[in-house]
Structure formats: structure tokens, C-alpha cells
J.: 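Dropping the structure in here first, questions after.
The figures that follow rest on heavy atoms only: side chains count, while hydrogens, waters and symmetry mates do not. Just so it is clear, the model here is predicted, and its values are computed rather than measured.
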Amino acid sequence: MGETSKEEYKIQSFDIETQKLLKTALKDPSNVDLDKVANIIVDQSLKDCVFSKEAGRICYTIIQVNNMPMLALVNPVYDCLFRLAQHDSLQKEEEVDCLVLQLHRVGEQLEKMNSQRMDELFSLLRDGFLLQEGLSSLSQLLLLEIIEFRAADWKMTDAAQKYYYSEVTD
């Protein structure tokens with residue numbers, strides 16, 4: 001019965017071979033190609049947003065079992081962030097909010113792993129902020145805030161905190 005807790009993940013939507021791969025990754029990550037596992041998880045998350053929460057649980061378990069960061073996720077996570085930084089996604093407040101939230105959570109770590117891709121991502125964000133027409137006020141505010149957050153070495157200055165969040169606390 002103890003084994004079932006690791007197999008309670010909702011992976012039934014995958015074919016049998018992929019289910020076996022994911023189960024092996026959850027039990028013994030050193031016996032699988034983590035790049036392949038990461039790509040499967042990210043691809044499914046992009047197709048099925050409901051699966052995204054489950055994907056996070058799976059990755060967290062793999063990281064805990066492996067006792068190290070899942071380096072294989074760096075490029076797929078960047079790919080997702082780049083997708084959220086595209087013109088059509090920047091038009092949707094929910095997607096901008098998701099992008100900014102993820103950058104707050106893992107931006108600094110991602111930059112340490114691959115600073116060139118982070119530079120490219122922020123070039124897209126700056127261009128979107130400055131050049132893209134039709135952005136909502138909230139989207140513009142979120143983009144400006146994350147640009148300043150990174151410029152301040154991934155820290156929120158007191159002035160920025162007051163500027164961006166003063167109305168929330170008032």
C-alpha cells in the first residue's frame with residue numbers, strides 16, 4: 001500500500017510506455033532520461049492546463065527523490081515563458097499574470113542556469129511593454145514591475161513595493 005502514494009498521480013491520459021517512464025522517474029529518477037521526462041510533462045501541461053498542477057506535483061516529487069534540482073526543466077520552463085511572452089499571450093491579463101508570477105518564483109534561478117535566454121526573454125518583455133498596442137493597464141503594470149524587479153537583482157525595493165502595491169494595502 002505504501003507504493004500507491006507515489007502512483008496516485010493522474011497520468012492515465014498518457015500511453016502505457018509513457019506511464020511506465022513517469023512511474024520510474026517518480027521512484028528512481030537516476031534510471032530515466034530526465035530531459036525526456038521534462039519534455040513530456042511540459043508538452044502535456046501546454047496542451048492541458050488542468051494537468052499543470054499535477055505536473056508541478058510530479059516534478060516536485062522527482063526533485064525530492066533525486067535530491068537535486070531538476071536541471072532538465074530549465075529549457076522547457078524557458079520555452080513556456082517565451083510562449084507567454086508572445087504578442088497574443090501579452091494581450092491576455094491572465095497569461096501576463098502567470099508569466100510574471102513564475103518569473104517572481106523562479107526567475108533568479110533560471111537566470112543563473114542560462115542568463116542568455118533570460119536576456120532574450122526580457123528583450124521580448126521590454127518590446128511588448130514599449131511597442132505593443134492594446135495592452136491593458138494591468139498588463140503594462142505587471143510587465144513594468146517584473147522588468148524593474150529583475151533590474152533590482154530580483155529584489156523588490158521599498159520604493160517599488162510602495163509604488164506597485166500601496167493601493168493593495170491601503
J.: Looking at Asp28 and Lys23, is there a salt bridge between them, counting it only when a charged N and a carboxylate O are closer than 4.0 Å?
T.: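 The answer is no: the pair does not qualify as a salt bridge.
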J.: Nearest heavy-atom pair of Gly134 and Gln91: which atoms, and what distance?
T.: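 Of all heavy-atom pairs spanning Gly134 and Gln91, the closest is O-OE1, 3.3 Å.
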J.: Please name the pair of heavy atoms, one in Ile11 and one in Gln19, separated by the smallest distance, quoted to 0.1 Å.
T.: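 Here Ile11 and Gln19 meet closest at O-CG, 3.2 Å.
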J.: Any ion pair linking Arg126 and Asp119 (charged N to carboxylate O, less than 4.0 Å)?
T.: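 No, Asp119 and Arg126 are not salt-bridged.
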J.: Check Ile146 against Phe122 and note the closest heavy-atom contact, atom names and distance.
T.: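 Closest approach of Ile146 to Phe122: O-CE2, 3.6 Å.
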J.: For a quick test of reading the model, state the closest non-hydrogen atom pair linking Phe129 to Ile147 and the distance between them.
T.: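 Closest approach of Phe129 to Ile147: CB-CD1, 4.3 Å.
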J.: In Å, rounded to the nearest 0.5 Å, how long is the span from CG of Leu84 to CG of Leu90?
T.: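 It is 8.5 Å, given to the nearest 0.5 Å.
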J.: How far does CG of Leu99 sit from OG of Ser139, to the nearest 0.5 angstrom?
T.: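 It is 10.0 Å, given to the nearest 0.5 Å.
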J.: Would Arg83 and Glu95 pass as an ion pair if we require N to O under 4.0 Å?
T.: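 Salt bridge absent between Arg83 and Glu95.
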J.: If I take atom CD from residue Gln132 and atom CG from residue Leu143, how far apart are they, to the nearest 0.5 angstrom?
T.: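 Here the rounded value is 8.5 Å.
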J.: Which atom pair, heavy atoms only, marks the closest approach of Val42 to Pro76?
T.: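 Nearest heavy atoms, Val42 then Pro76: CG2-CB, 3.3 Å.
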J.: Taking Lys20 first and then Asp15, would you say they form a salt bridge - that is, a charged N and a carboxylate O separated by under 4.0 Å?
T.: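 Looking at Asp15 together with Lys20, the answer is no, because their closest N to O distance does not fall below 4.0 Å.
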J.: Assign the ring pair Phe149 / His104 to parallel, tilted or perpendicular, where the plane angle (0 to 90°) is split at 30° and 60°.
T.: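 Taking His104 first and then Phe149, their aromatic rings sit tilted (interplane angle of 30° to 60°).
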